[in-house]
Number of protein chains: 2
Amino acid sequence: MGTTTKESAIELTRLEEESIDYFVSFVQMFGLPKSIGQIYGLLFVSPEALPMDSIQTRLGISKGSLSQGLSLLKDLGAVTSHSLEGDRREHYRADLQVSRITNHFFENRLEPRLQNGKSRLSLMMDLIDESLDGFDDSAEVRTRVAALQKWHKRGGSIIPMIVKWLKR
Amino acid sequence: MGTTTKESAIELTRLEEESIDYFVSFVQMFGLPKSIGQIYGLLFVSPEALPMDSIQTRLGISKGSLSQGLSLLKDLGAVTSHSLEGDRREHYRADLQVSRITNHFFENRLEPRLQNGKSRLSLMMDLIDESLDGFDDSAEVRTRVAALQKWHKRGGSIIPMIVKWLKR
DNA sequence: GGTTTTGTTCATTTTTGTTTGAACAAACTT
DNA sequence: AAGTTTGTTCAAACAAAAATGAACAAAACC
């Protein structure tokens, strides 16, 4: 049940600590801020939905971080909010679908850059072809870029598969 | 062939610029510093191996960054160094295997954390089981952690597949 | 309508990560 | 062996990202 300490912070249970650590490490793999992991980690092992102020005192993070973090997690679909009878505050609950977080990584971080990269590679090919500056080894470079193009295409095609695999 | 400008920096060809941009964006997907992408991008479209000082003037980055960057790229196996006849300087060439960079991400960033996560999840299970604090909904939490454990295992098993797919 | 509670926004601060360059070391040159 | 070239290391400067908290808005309560 967690023991009370100091005036402002409430001690976390051992389980909560582990969960938080787990998810902090998890979200950091995907370049998300620590606070996201803390919030999700706490909610993940809370059977009841929690209101913001309670999350704040448990984690000891600022209202600002919390608000932003929850809003991102809601956008991802990793957290849902619920209004409880006779309580003005919104209550937040973790959605089990952890893959929402990984999807965010694939879809927002990887996909757009791969897309952008694709057109850039075409351009590179064009540049090689139109530069007839008697380049002896322009062929070598051409081969390289062609190989990259192939690899790039392959990488692009594997991502949807990974995403599908991780969901469900 | 690139036109000369100012005294210290040599203008990059259009192709070099594109390649550099491409790889900067690429390495940033995996949380590597920009300089790594610049170096690799330049080498990728250089038919001949380049010495450090030449890379430095082309990119306009510091000797320190360069040395460190090249050393990381060499560790990854993404760049090889060669000594040329009658030249004291080492010359660096990009290895075509771009996947070395992604492997680094999977093997150094993801794998260890997944490993660490695995034991943390077992611990969480233990903590749930040994806490007999008459918790009505401890079952619910147990279910959640079990689901996570399953998902985690799945994620762990897919990584070697991805790595294999990306190599060659 | 005024007051309180709840939640968001955003300029500032803090933290984290990257780059720089000067000091150093090692290897080659004469 | 003294001087020169080449490359590394690491403390300090700088830049980028995240967290803070005070000011603000919106809704609920009386």
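Below, read A as the first sequence line, B as the second, and so on, with proteins coming before strands; counting in each chain starts at 1. Here the structure is a predicted model, which is why all the values come from computation and not from measurement. The basis for the numbers below is simple: all heavy atoms, side chains too, and nothing from hydrogens, waters or symmetry mates.
B:R93 places a side-chain N or O within donor-acceptor distance of the main-chain N or O of B:P47, the cut-off being under 3.5 Å.
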When you compare the protein's N or O atoms with those of nucleotides 27-30 of chain D, which come within less than 3.5 Å of each other, and at what distance?
residue: D:dA28; atom: O4'; partner: A:R88; partner atom: NH1; Å: 3.2
residue: D:dA28; atom: O3'; partner: A:R88; partner atom: NE; Å: 3.3

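Reading DNA chain C from its 5' end, the first and the last nucleotide to sit under 4.0 Å from a heavy atom of chain B are C:dT18 to C:dT29.
The shortest side-chain heavy-atom distance between B:K118 and B:L121 does not fall under the 4.5 Å cut-off.
Applying the side chain to side chain donor-acceptor pair (under 3.5 Å) definition to pairs two or more places apart or across chains, none involves residues 28-47 of chain A. Listed by first and then second residue, the salt bridge (charged side-chain N to carboxylate O under 4.0 Å, His left out) pairs involving residues 96-112 of chain A are A:D95-A:R100 (not counting sequence neighbours).
Residues satisfying the side chain to side chain donor-acceptor pair (under 3.5 Å) criterion with B:R89, sequence neighbours excluded, are B:D53, B:D87. Applying the ring-ring contact (aromatic ring centres under 6.0 Å, His included) criterion to B:H152, with sequence neighbours excluded, gives A:Y22. Applying the side-chain contact (heavy atoms from CB on, under 4.5 Å) test to B:N108 and every residue at least two apart in sequence or in another chain returns B:H104. A search for ring-ring contact (aromatic ring centres under 6.0 Å, His included) contacts involving B:F30 returns B:F26, B:F105, not counting sequence neighbours. For A:R120, the salt bridge (charged side-chain N to carboxylate O under 4.0 Å, His left out) partners two or more places apart in sequence, or in a different chain, are B:E18, B:D21.
Within residues 72-84 of chain B, no residue has any heavy atom under 4.0 Å from DNA chain C. Of the residues in residues 61-69 of chain B, those placing a heavy atom less than 4.0 Å from an atom of DNA chain D are B:K63, B:G64, B:S67, B:Q68, in numerical order.
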Please set out all donor-acceptor pairs under 3.5 angstrom arising from side-chain atoms of residues 74-85 of chain B, sequence neighbours excluded.
residue: B:T80; atom: OG1; partner: B:H82; partner atom: NE2; Å: 2.8
residue: B:S81; atom: OG; partner: B:E90; partner atom: OE1; Å: 3.2

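None of A:E17, A:E11, A:E16 except one satisfies the salt bridge (charged side-chain N to carboxylate O under 4.0 Å, His left out) rule with A:R58; the exception is A:E16.
Separating the NE2 atom in B:H91 from the CG atom in B:L43 is a distance of 11.5 Å, to the nearest 0.5 Å.
The residue A:S35 sits close only to the backbone: its heavy atoms come under 4.0 Å of sugar-phosphate atoms, none of a base.
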